[in-house]
Amino acid sequence: LQVDLKDLLDVIATRTASLLGSRGTAIFLYNESQNNLEVVAENGAARLKGMKMQIGSGLAGRVAQTRKAETVKDYRTWEHHSPMASNSRLTSMAAVPLLHRGSLVGVLMVFEYLDDPDQEEAPIRAFTDKDVELLNFFSGIAASAVHNASLYNETRQRLDQLELLYQTSLASTQIHSQKAIAQQIVESMEHFFNWNTATIWLLAEDNRQVSMLAHASLGLEGAALQEH
C-alpha cells in the first residue's frame, strides 16, 4: 500500500471505531489473484493486522462472498467461527463489504473484545441496524480511496512501461549487436520494475536448445554498450 492510502485507511478505521463506540475496527482488502482478504488497517488492541482470511471463511470472508452486511452476537460461539481468528477475546461483530461499482474491494468490520478471556462475563454489546448504516457510510469512503489509489498505481505503472519502451528503443538505435540490445533491455527492466533478476533466453532454430542472451542481477550491469 502507498503511504498516503495506508494513513487514510488508518484514519477511517479510527473514526469508525470512535463514532460507533466500538472497541476495534479492521479494514480488509481483497486480493483477487489469491482470492483472499488481508487486514491492512485496524484500530484497537486485538492485533489483527496482517491476518489473511479466505473468501467464505469467518465473518469477513462470508461478507465478501455474499456482498451483504452481517452481524454476530458472540464470535466465540458463532457456528461459522474461523480457526484463523482464534482470538477467544473477540465477541460481537458487524461487517459490511467494500464495493466500488459492484466490484469487491474489501470488508470493513467493527468488533468488541474482552481484555482478558478469563474475565467474568459482562453484557455483550449487540450491533444494531443503525450501526450497520453508519458502517456502510464509511465503507463507501474506504472503497473509493482504495479504488482511486489503484487507478493512480496503474497509471504510474503504464507511464513507467512507456518510458521503458522509449528508452530501450532509443538505445537500440545506437547498438547493432543482438546480444547488446538484449542486455540493454534486461538492464532497463531491472531498473524500472525494481526486479532483482532479469534474463532473456534465445531459442535455437531447431527448438531443441536455449541459450542465455542477456542477464542482469542485483544492480550489476552487463555489457550492453561494449558490443556495437
Side-chain angles (χ1 to χ4, degrees), residues 1-75 78 80 82 84-85 87 90-113 124-158:
L1 286 179
Q2 291 182 320
V3 175
D4 53 351
L5 176 59
K6 177 182 178 300
D7 291 342
L8 179 57
L9 293 179
D10 283 339
V11 170
I12 293 174
T14 300
R15 294 291 178 85
T16 302
S18 176
L19 289 180
L20 268 73
S22 63
R23 299 203 65 187
T25 307
I27 297 178
F28 296 77
L29 289 190
Y30 175 55
N31 186 319
E32 185 175 3
S33 63
Q34 298 181 11
N35 195 36
N36 65 10
L37 300 164
E38 180 178 356
V39 179
V40 297
E42 71 171 333
N43 175 265
R47 298 180 180 179
L48 301 178
K49 196 168 186 177
M51 182 183 72
K52 296 183 179 182
M53 190 76 67
Q54 293 299 316
I55 301 301
S57 176
L59 179 60
R62 283 171 57 85
V63 168
Q65 185 177 58
T66 63
R67 308 292 203 272
K68 294 181 180 179
E70 190 170 349
T71 60
V72 172
K73 184 176 180 180
D74 191 341
Y75 194 74
W78 188 44
H80 301 294
S82 170
M84 296 184 66
N87 191 334
L90 297 173
T91 57
S92 59
M93 293 181 171
V96 297
L98 302 182
L99 301 173
H100 183 80
R101 295 182 179 178
S103 296
L104 180 66
V105 174
V107 172
L108 175 60
M109 182 174 72
V110 290
F111 52 87
E112 300 292 324
Y113 59 87
I124 297 177
R125 170 188 179 172
F127 287 102
T128 65
D129 290 342
K130 289 186 177 181
D131 292 329
V132 173
E133 288 180 8
L134 186 55
L135 205 55
N136 275 319
F137 170 75
F138 280 106
S139 73
I141 297 175
S144 296
V146 174
H147 175 72
N148 290 336
S150 297
L151 285 180
Y152 173 83
N153 289 337
E154 289 176 8
T155 302
R156 180 60 182 273
Q157 184 177 12
R158 292 294 176 85

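In this structure a side-chain-to-backbone donor-acceptor pair under 3.5 Å is missing from D10 to D7. In this structure, S18 contributes its side chain and T14 its backbone to no donor-acceptor pair below 3.5 Å. Panel note: side chain E42, backbone K49; a donor-acceptor pair is recorded below 3.5 Å.
Between I55 and A64, the shortest heavy-atom contact is CD1-CB, 3.8 Å. Here the shortest heavy-atom pairing between Y113 and G24 reads CE2-N, 4.3 Å. Closest non-hydrogen pair, A17 versus N43, comes out as CB-OD1, 3.3 Å. In terms of heavy-atom proximity, L9 sits nearest to A142 at CD2-CB, 4.3 Å.
We find the CG-CG distance between L20 and D131 to be 5.0 Å, quoted to the nearest 0.5 Å. We find the OG-CZ distance between S92 and R23 to be 11.0 Å, quoted to the nearest 0.5 Å. Remark: L19 CG to T25 OG1 distance equals 10.0 Å, nearest 0.5 Å. Taking OG1 from T71 and CG from L59, the interatomic distance works out to 8.5 Å, rounded to the nearest 0.5 Å. Here the CG-CD distance, from L90 to E112, works out to 10.5 Å after rounding to the nearest 0.5 Å. Atom NZ in K6 sits 11.0 Å away from atom CD1 in I27 (nearest 0.5 Å).
The environment of CZ in R15 is sparse: at most 12 heavy-atom neighbours from other residues, nucleotides or ligands sit within 6.0 Å.
Aromatic ring orientation, W78 versus H80: perpendicular (interplanar angle above 60°, classes split at 30° and 60°).
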Determine all donor-acceptor pairs shorter than 3.5 Å in which one atom belongs to a side chain in residues 97-111; sequence neighbours excluded.
{"from": "H100", "atom 1": "NE2", "to": "H147", "atom 2": "NE2", "distance (Å)": "3.2"}

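Every residue meeting the side-chain hydrogen bond (donor to acceptor under 3.5 Å, both in side chains) condition with Q34, not counting sequence neighbours, appears here in chain and number order: N36.
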